[in-house]
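Naming convention: chains lettered A, B, ... in sequence-line order (proteins, then strands); numbering from 1 in each chain.
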Amino acid sequence: MLDIRLFREQPDTVREGLRRAGADPGDVDRVRALDEQVRSLKTEAEAKKAAINQANKSMSKASPEERETRRAELRALGDSIAEIDARRTDTEKTLQTLMLEIPNLPLAHVPDGADEHENVELRREGTIRRFDFKPRPHWELGEALGILDLERGVKISGSRFYVLKGLGAALQRAVITWMLDLHIEQHGYTEVYPPFVVKQEALYGTGNLPKFGDNLYHDVEEDFWLVPTAEVPVTNLHRDELLEASALPMKYVAYTPCFRREKMSAGRDVRGIKRGHQFDKVEMVKLVTPQSSDAELESLLSDAEDVCRGLGLPYRVLQICAGDLSFTAANKYDVEVYAPASKGEEGEEWLEVSSCSTFGDFQARRANLRYRPEPGAKPEFVHTLNGSGLALPRVIIAILENYQNEDGSITIPEVLRPYMHGRDRIIRA
RNA sequence: GGAGAGGUGGCCGAGUGGUCGAUGGCACCUGUCUUGAAAACAGGACGCCCGCAAGGGCGCGCAGGUUCGAAUCCUGUCCUCUCCUCCA
């Protein structure tokens with residue numbers, strides 16, 4: 001959520017930001033009008049409350065007869081306050097609903113652009129392998145090796161579900177553990193094992209609700225929601241807390257499965273394991289001071305890149321343009337790995353394996369995540385950031401396709417071998 | 001699932017209808033003392049909203065209700081703890 005003060009004090013800045021983000025700048029005037037109403041109703045009611053409080057003080061010392069005579073008068077005053085408050089509450093609700101659906105503003109240095117076509121490629125790293133045979137897509141490799149079973153996934157759970165078997169399952173587990181260890185030992189993150197279902201407050205905190213509920217799985221009976229990403233439970237760890245400055249930055253890393261309905265993506269990426277309703281991800285989350293958040297985003301990105309480097313996967317980094325930023329992000333980089341065959345006959349593809357974002361105080365305001373800059377100082381909102389490090393299925397795709405051999409076997413990247421009992425290849429069982 | 005107890009400020013914990021935003025402790029800030037620190041002593045300091053300020057309003061899990069007046073009484077709800085039951 002944006003700071004209402006920005007709407008009051010710098011409406012043009014907000015309008016411009018919303019326009020760049022592809023949102024409706026007209027909301028600025030709607031917000032301002034509602035805010036005006038709320039404040040004037042509040043002032044009106046508060047003047048009356050001050051009067052009634054004053055009167056009530058003398059009532060406690062008044063004689064019974066005096067109380068009796070003043071009772072009706074005070075009650076009338078009370079009733080008129082209640083009426084004003086009711087109107088204010090209504091208006092506030094409307095304002096709140098509107099505010100919750102207004103996206104974050106892009107940081108000033110985020111480039112203009114309407115959609116993903118205008119994202120800016122910042123760099124490429126790693127060498128793209130030249131094959132002396134035609135590389136095969138991961139679903140062919142996986143099925144042939146007996147490590148991926150798409151059909152049976154569909155049988156037991158429906159479309160967009162799959163089964164990893166044998167060394168396929170082991171490979172994914174190895175990647176998860178290696179990535180966690182890398183972030184814990186090399187990058188200074190603290191591992192967290194969070195719940196995989198959350199209450200709706202948590203989803204409001206991170207900005208998934210109220211706007212994006214239709215991408216979430218929801219158990220109505222218990223009002224439980226399956227997490228779409230570890231970002232949700234981990235960012236909410238300190239919701240409604242007032243942190244000491246010395247506790248910042250907080251850096252967490254968590255492995256969780258992620259559950260998404262993907263209603264909006266029907267028909268996209270239907271082959272293989274690129275886009276499923278359930279996928280695994282290692283996620284990094286940071287809570288930092290406002291002063292450090294730009295630098296923390298850079299180091300977050302570098303932590304994600306280290307995973308690609310370690311695995312020997314060619315990758316590129318994109319600066320996301322203002323119009324392609326997600327609802328909550330103020331700035332965002334995507335990391336995409338190269339996969340030579342994941343488009344099937346169409347060939348190669350860059351697969352998004354990480355989004356590294358800063359949210360400024362947008363999530364912190366929703367989640368009431370504050371810190372005290374100095375002992376005795378006023379509390380302020382922290383800044384939150386997160387980035388995938390990385391998303392599993394696409395890493396698996398990239399490993400299978402980039403490390404495939406002509407005979408259909410897969411060479412296991414060196415860093416993973418200690419996590420797979422020293423094995424260096426996946427061959428048909 | 002059954003029975004009971006409880007949710008109060010950054011943390012702990014008093015407070016059962018009016019002078020209570022709330023006693024006390026810890027932590028925090030300032031000062032005295034000290035070479036410095038600690039200790040001791042004195043003072044300060046809750047959060048949010050409106051306001052240039054003076055000042056005002058709101059906040060005792062949450063939502064309603066009773067009352068001139070609610071942390072305190074009533075209803076609902078969520079959560080925590082203890083015991084029982086069950087279980088990996």
Margin query: Checking contacts here: which listed nucleotide (G47(B), G51(B), G18(B)) is nearest the side-chain heavy atoms of R39(A)?
Written below: G51(B)
Margin query: Quick check: do F279(A) and K281(A) have side-chain heavy atoms less than 4.5 Å from each other?
Written below: yes
Margin query: Under 4.0 Å from OP1 or OP2 of U67(B): is there any side-chain N or O of N56(A) that close?
Written below: no
Next item on the list: Measure from the side chain of R67(A), starting at C-beta and using heavy atoms only, and say which of C50(B), C48(B), G18(B) lies closest.
Entry: G18(B)
Notebook entry, point to check: With sugar-phosphate meaning primed atoms plus P, OP1 and OP2, does R370(A) contact a base, only sugar-phosphate, or nothing at under 4.0 Å between heavy atoms?
Noted result: sugar-phosphate
Item checked: Interatomic distance, R372(A) CZ vs A27(B) C1' [rounded to whole Å] -> 11 Å
Item checked: Rounded distance (Å) that lies between atom P of G59(B) and atom CG of L242(A) -> 21 Å
Checklist line | Near-ring test Y371(A)/H238(A), centroid separation under 6.0 angstrom | finding: no
Note to self: I'd like to know if D27(A) and R15(A) make a salt bridge, using a cut-off of under 4.0 Å between side-chain N and carboxylate O.
What the structure shows: no
Check: Picking from C58(B), C68(B), C49(B), which would you name as closest to the side chain of L74(A)?
Finding: C68(B)
Item checked: Nearest-nucleotide pick for R75(A), side chain only, options being C28(B), C49(B), C68(B) -> C68(B)
Next item on the list: Side chain of K378(A) only, please: which of C28(B), C68(B), C48(B) is the nearest?
Entry: C48(B)
Checklist line | Distance, rounded to the nearest Å, where Q96(A) contributes CD and C49(B) contributes P | finding: 13 Å
Notebook entry, point to check: Please, which pairs that meet salt bridge (charged side-chain N to carboxylate O under 4.0 Å, His left out) have at least one residue in residues 232-245 of chain A, sequence neighbours excluded?
Noted result: none
Notebook entry, point to check: Expressed in angstrom and rounded to an integer, what is the separation of I84(A) atom CD1 from G57(B) atom C1'?
Noted result: 13 Å
Checklist line | Side-chain N,O (N53(A)) to OP1/OP2 (G57(B)) below 4.0 Å | finding: yes
Item checked: Rounded distance in Å - CD (E73(A)) to P (U67(B)) -> 17 Å
Margin query: When you measure from the side-chain N and O atoms of R70(A) to the phosphate of U67(B), is any distance below 4.0 Å, counting only OP1 and OP2?
Written below: no
Check: When the nearest nucleotide of RNA chain B is assigned to K199(A) and to A377(A) on a heavy-atom basis, which residue is associated with the more 5' position?
Finding: A377(A)
Next item on the list: Please report the shortest heavy-atom distance between A245(A) and P373(A), naming the atom on each side.
Entry: CB-O, 3.3 Å
Item checked: Nucleotide G69(B), atom P - distance to NZ of K48(A) in whole Å -> 15 Å
Notebook entry, point to check: Relative to the 5' end of RNA chain B, which residue comes earlier, A50(A) or T43(A), by the nucleotide with the nearest heavy atom?
Noted result: T43(A)
Checklist line | L243(A) CG to C28(B) P, straight-line distance once rounded to whole Å | finding: 17 Å
Check: Expressed in whole Å, how much space separates the C1' atoms belonging to C74(B) and U80(B)?
Finding: 23 Å
Notebook entry, point to check: What integer number of Å spans the C1' atoms of A27(B) and C12(B)?
Noted result: 11 Å
Note to self: Would you say the rings of H383(A) and F359(A) are close, in the sense that their centroids are separated by under 6.0 Å?
What the structure shows: no
Next item on the list: Could you tell me which nucleotide pairs with A70(B) by Watson-Crick or G-U wobble geometry, both distances under 3.5 Å, or answer none if nothing does?
Entry: none
Check: Starting at CD of E92(A) and ending at P of C58(B), how long is that distance when rounded to a whole Å?
Finding: 14 Å
Notebook entry, point to check: Looking only at heavy atoms, what is the nearest atom pair of T91(A) and Q37(A), with distance?
Noted result: CG2-OE1, 3.6 Å
Notebook entry, point to check: Using atom C1' of each nucleotide, how far apart are G25(B) and U77(B) to the nearest Å?
Noted result: 33 Å
Check: Is D12(A) salt-bridged to R19(A), going by a charged N under 4.0 Å from an acidic O?
Finding: no
Check: Which residues within residues 3-11 of chain A lie with some heavy atom under 4.0 Å of an atom in RNA chain B?
Finding: R5(A), R8(A)
